[in-house]
Amino acid sequence: ENWDSIPGARGCTLETCSFRDAHDDFISLNAVPIGLSTQSVSDIKEMTTRLLVPYDVVSDEYLTFVNQLNLPTFKIKDKTYVKRLTLIIEKSFIKYFFYPVFPPDLHVNEVLEWLDSNK
C-alpha cells in the first residue's frame with residue numbers, strides 16, 4: 001500500500017526494464033548487469049519472467065550481502081529493502097558506486113557512460 005510514496009521504492013520496474021533494454025550495450029562494454037533484491041527467489045523469478053529480464057537477479061532475502069557491505073536500506077512493516085544503488089565491481093573490488101540513484105529509468109545511461117569512459 002502506498003508503495004509509490006515511499007522514498008526509494010518507486011521506479012523499480014522502470015529501472016529493471018531500462019537495464020533489460022540496454023543489456024546488449026552492457027555486453028558490448030564487456031560488462032554484465034546483475035540485480036540484487038531482498039525479495040525471495042520465487043518473487044524474483046516471477047518478476048524476471050514477467051519482465052523478460054535477460055540478466056541474473058540474486059536474492060539476498062536474509063540480508064547477508066547487504067549487512068556485510070552496510071548498504072543503505074529502508075523498511076516497510078517487517079520487510080527490509082535495499083535502497084536504489086549501483087555498484088561497479090571488477091575482480092571482487094568495488095570500483096565505483098552510484099548512490100543515490102535518480103531518476104531510476106534514466107540511471108542506466110549514467111552507468112553506461114561510466115563504463116564506456118572507464119574501459
Chemist: Kindly give the heavy-atom pair with the smallest separation between Q39 and E61, and that separation in Å.
Modeler: O-CB, 4.0 Å
Chemist: May I ask you to decide if L51's main-chain N or O and R20's side chain share a donor-acceptor pair within less than 3.5 Å?
Modeler: yes
Chemist: State, to 0.1 Å, how close V101 and L85 come at their nearest heavy-atom pair, and which atoms those are.
Modeler: CG2-CA, 3.8 Å
Chemist: Start with the C-alpha distance between L29 and K119, add both sets of side-chain angles, then the distance that settles side chain to side chain contact (heavy atoms under 4.5 Å, CB included), and finish with yes or no.
Modeler: CA-CA 7 Å; L29 291 168; K119 292 180 197 173; 3.7 Å; yes
Chemist: Donor-acceptor pair, distance only, cut-off 3.5 Å: does the side chain of D60 make one with the backbone of F65?
Modeler: yes
Chemist: Do you know which two heavy atoms are closest between H23 and P54, and how far apart they sit?
Modeler: CG-CG, 3.7 Å
Chemist: Closer than 3.5 angstrom, by distance alone: can the side chain of K79 be matched with the main-chain N or O of T38 as a donor-acceptor pair?
Modeler: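 Yes, because the side chain of K79 sits within donor-acceptor range (under 3.5 Å) of the backbone of T38.
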Chemist: Do F102 and H107 have ring centroids that are under 6.0 Å from one another?
Modeler: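 No, the ring centres sit 6.0 Å or more apart.
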Chemist: Y55 and F26: aromatic ring centres closer than 6.0 Å?
Modeler: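 Ring centroids of Y55 and F26 are no less than 6.0 Å from each other.
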Chemist: Can you tell me if T86 uses its side chain to pair, donor with acceptor, with the backbone of F97 under 3.5 Å?
Modeler: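 A pair under 3.5 Å: no.
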Chemist: Within the side chain of T49, is there an N or O that forms a donor-acceptor pair under 3.5 Å with the backbone of E46?
Modeler: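 Side chain of T49 to backbone of E46, a donor-acceptor pair under 3.5 Å: no, none is there.
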Chemist: Without swapping roles, check the side chain of N67 against the backbone of L63 for a donor-acceptor pair under 3.5 Å.
Modeler: yes
Chemist: Return yes if some donor-acceptor pair links the side-chain N/O of D116 with the main-chain N/O of L112 below 3.5 Å, else return no.
Modeler: no
